[in-house]
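The structure under discussion appears below in the form of structure tokens.
Reminder, nothing fancy here: chain letters follow the sequence lines and each chain counts from 1. Hydrogens, waters and symmetry mates play no part in the numbers below; they use all other heavy atoms, side chains included.
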Amino acid sequence: MTGRWALAPVEGGGADVVPLGPDDLPSGPVRREPDLAEAVRSRPGVTRWVWRSTAEVYPRLLAAGVRVERCHDVEDAETLLLGHEGRSGEPRNAAAALGRLRGGPVPPDPPTRNADPSAQDPLFEAADPVDVPLADLLAVYAEQRRRLAATAHPDRMALLLAAESAGTLVAAEMNRTGLPWRADVHREVLRGLLGERYPGAGEPRRLAELADEVSAAFGRRVRPDLPADVVKAFAQAGVRVRSTRRWELSKLDHPAVPPLLEYKRLYRIWVAHGWSWLQDWVREGRFRPEFLPAGTVTGRWVTHGGGALQIPKVIRRAVIADPGWRLVVADADQMEPRVLAAISRDPAFMKVAGRESDLYQAVSERAFAGDRDRAKIAVLGAIYGQTSGDGLKNLAALRRRFPLAVAHVDEAARAGEEGRLVRTWLGRTCPPVGGQEEAEEAGIPLAEDDDELGPGRSTATTRARGRFARNFVVQGSAADWTFLLLAALRRRLRGLAAELVFFQHDEVIVHCPAGEAEQVTAAIRESSAEAARLTFGDTPVRFPFTTAVVECYADAK
DNA sequence: TAAATTGGCGCC
DNA sequence: AAAGGGCGCCAATTTA
């Protein structure tokens, strides 16, 4: 009952299961079990379940109260392996992987569905056309193990696959648990910001007032939610403005600007996190977005539904722990620069990142005469690829003191511009620019005709590809690390009532009884150290977290 | 008329 | 001071 087992659901609610030996082949007979959840529950000693897709299997287990320690998500692994092999455009579903292995048909991936809160009914979902029976799944898995051994750093790639699979478990568990959400508090916040709500059509009162103020300032009726109308109104008032972006408007000296900016801020809350959002996404005291691991090229997760990764600060007032419980909100401090230190192995930068105190302050003392703001601009500029303004001057100062760190991202940018593969620390791979469709699907900026630039000069799109790759190695390696962190934290929370309820790039929220808050805080600290050791090996770089134990999310910062 | 694109802004 | 990287979502507008 120990070791790895593979599992494939079958018609009628059952499953086929089989134990796997050290050679990745079955070490016993396939058993047909009548009940999927029972098949897993009755084998508590299994250390890793191999299955096609966590999203397919695990929600059913969780619904039956069954959790697993570890898994290998074959389709998730397929995505990462294809990427590593420079074949990211090929379908990643299990049936396609089988087709490539056997020379059979290679079905395309099913379209990614959009979550629609009014029409979610998983009971009536059609059978998945890309599903494969257990015997075929085993063949695909064994082949994946061979391909894994052939990667540039098999030990790192194995970690990446394990970490991503752990992420799929965490995501499924969070999807089920949901984020504690007080609808009554949310409504209070809305009333305070937006005023009375007019049932039926029309803006809430505060927005209507601000629209009137804008119109009064222009001397004619202007709809502030229509950029074209606003640009025209400014033109008629003798002010030329290229767009209605906030940073551009805020430079202007015109009486319409203050109410306009306030309107935009509140309008955004109204349409994105207002009463209809509450209606759509909050049920029984929980906000349940759908976390999708590996939703992006860089590895960052995305969510479907409710804009869960963009909850405005003011709305976080509604995230309140259950009575007697607390939220442990943990935020990694300057995660991406610390990751850059770890992957570049720049001695001076590692020294700076080896302290838990403010990294930007430490950088500023070495390169910017103590000016923290400039240090931060320079570091972020290096990571994001700043191309103009003071950023370049600051970047030069950064390069003098931390040459290897800057060279690391410069090299990634060059590789991206030249269409070479770019990898994160653990081996997640940024697709090269191949076919047009492929690149567009992956969101990679494409080269285009640009006759005005002579030979030897990059086009704007080439430079955009460079920035993409530059950021990829840092953001992606940071994602690598956070999944190891999540896996470690999940393991450490086992046995507690505490539950992971939220994850956002460099921030986690754990919901726990007040009495467990101290243990949870310690678990986060220990998980950070463990994840750093596993991911980057022997590195002096530290990854401190700011943790807050609060009843309300809004009080965490 | 439905699908795709655009402008804008929230979060990291 | 200037407008770099990654997303999702909404309404309006354009395209097919």
In terms of the angle between their ring planes, are A:His186 and A:Trp277 parallel, tilted or perpendicular, with boundaries placed at 30° and 60°?
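Answer is tilted, since the angle falls between 30° and 60°.
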
Secondary structure string for DNA chain C (Watson-Crick or G-U under 3.5 angstrom, | for other-strand pairs):
....||||||||||||

In terms of side-chain geometry, is the basic nitrogen of [X] or [Y] positioned less than 4.0 Å from the acidic oxygen of its partner?
X	Y	answer
A:Arg470	A:Asp410	yes
A:Asp212	A:Arg221	yes
A:Glu196	A:Arg205	no
A:Glu411	A:Arg414	yes
A:Arg191	A:Glu188	no

Nearest-nucleotide 5' precedence on DNA chain C, A:Glu248 against A:Trp301:
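It is A:Glu248, whose closest nucleotide lies nearer the 5' terminus.
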
Reading DNA chain C from 5' onward, which residue's closest nucleotide shows up sooner: A:Gly295 or A:Trp247?
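Going by which nucleotide is closer to the 5' end, it is A:Trp247.
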
Applying salt bridge (charged side-chain N to carboxylate O under 4.0 Å, His left out), can you list everything that pairs with A:Arg265, at least two apart in sequence or on another chain?
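Expected list: A:Glu262.
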
According to salt bridge (charged side-chain N to carboxylate O under 4.0 Å, His left out), who are the partners of A:Arg490, at least two apart in sequence or on a separate chain?
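A:Arg490 satisfies salt bridge (charged side-chain N to carboxylate O under 4.0 Å, His left out) with A:Glu173 only.
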
How close or far is atom [atom2] of [N] from atom [atom1] of [X], stated in whole angstroms?
X	N	atom1	atom2	value
A:Arg428	C:dG6	CZ	C1'	13 Å
A:Leu398	C:dG4	CG	C1'	15 Å
A:Lys376	C:dA2	NZ	P	18 Å
A:Arg470	C:dG6	CZ	P	13 Å
A:Trp270	B:dC9	CH2	C1'	16 Å
A:His273	C:dC9	NE2	P	9 Å
A:Leu380	C:dA2	CG	C1'	13 Å
A:Arg245	B:dC9	CZ	P	8 Å

Ring of A:Trp275, cation from A:Arg187 - is the NZ or CZ under 6.0 Å from the centre and inside 45° of the axis?
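Output no; distance or angle outside limits.
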
Using a 4.0 Å heavy-atom cut-off, does A:Gly307 contact any base of the nucleic acid, only the sugar-phosphate backbone, or nothing at all?
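Answer is sugar-phosphate: A:Gly307 comes under 4.0 Å of backbone atoms only.
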
For nucleotides 2-4 of chain B, print each protein N/O atom paired with a nucleotide N/O atom at under 3.5 Å, atom names and distance only.
none

How long is the straight-line distance from [atom2] of [Y] back to [atom1] of [X], given to the nearest 0.5 Å?
X	Y	atom1	atom2	result
A:Gln475	A:Cys430	CD	SG	11.0 Å
A:Leu395	A:Phe402	CG	CZ	12.5 Å
A:Tyr360	A:Asp373	OH	CG	11.5 Å

Give every pair of a protein N or O atom and an N or O atom of nucleotides 10-12 of chain B that lie under 3.5 Å apart, one pair per line with the distance.
residue: B:dG10; atom: OP1; partner: A:Arg246; partner atom: NH1; Å: 3.4
residue: B:dG10; atom: OP2; partner: A:Arg246; partner atom: NH1; Å: 2.9
residue: B:dG10; atom: OP2; partner: A:Arg246; partner atom: NH2; Å: 3.0
residue: B:dG10; atom: O4'; partner: A:Arg268; partner atom: NE; Å: 3.0
residue: B:dG10; atom: O4'; partner: A:Arg268; partner atom: NH2; Å: 3.4
residue: B:dG10; atom: N2; partner: A:Gln310; partner atom: OE1; Å: 3.3
residue: B:dG10; atom: N2; partner: A:Gln310; partner atom: NE2; Å: 3.3
residue: B:dC11; atom: OP1; partner: A:Lys313; partner atom: N; Å: 3.3
residue: B:dC11; atom: O3'; partner: A:Arg316; partner atom: NH2; Å: 3.0
residue: B:dC12; atom: OP1; partner: A:Lys557; partner atom: NZ; Å: 3.3
residue: B:dC12; atom: O3'; partner: A:Asp506; partner atom: OD1; Å: 2.3
residue: B:dC12; atom: O3'; partner: A:Asp506; partner atom: OD2; Å: 2.9
residue: B:dC12; atom: O2; partner: A:Arg300; partner atom: NH1; Å: 2.9
residue: B:dC12; atom: O2; partner: A:Arg300; partner atom: NH2; Å: 3.3

Centre-to-centre under 6.0 Å for A:Phe291 and A:His304, is that the case here?
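When the ring centroids of A:Phe291 and A:His304 are compared, they turn out to be at least 6.0 Å apart.
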
Out of C:dG6, C:dA1, B:dG8, which nucleotide sits closest to the side chain of A:Ile377?
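Closest nucleotide to the A:Ile377 side chain: C:dA1.
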
Check whether any side-chain nitrogen or oxygen of A:Arg467 sits under 4.0 Å from OP1 or OP2 of C:dG4, and answer yes or no.
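So the side-chain polar atoms of A:Arg467 never come under 4.0 Å of the phosphate oxygens OP1 or OP2 of C:dG4.
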
Distance test, side-chain N/O of A:Thr244 to OP1/OP2 of B:dG8, below 4.0 Å
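Answer is yes, contact under 4.0 Å.
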
Hey, does A:Asp333 have a side-chain heavy atom less than 4.5 Å from the side chain of A:Leu359?
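Answer no - side chains too far apart.
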
Expected rows: protein N/O vs nucleotides 10-14 of chain C N/O, under 3.5 Å:
residue: C:dA12; atom: OP1; partner: A:Arg223; partner atom: NH2; Å: 3.4

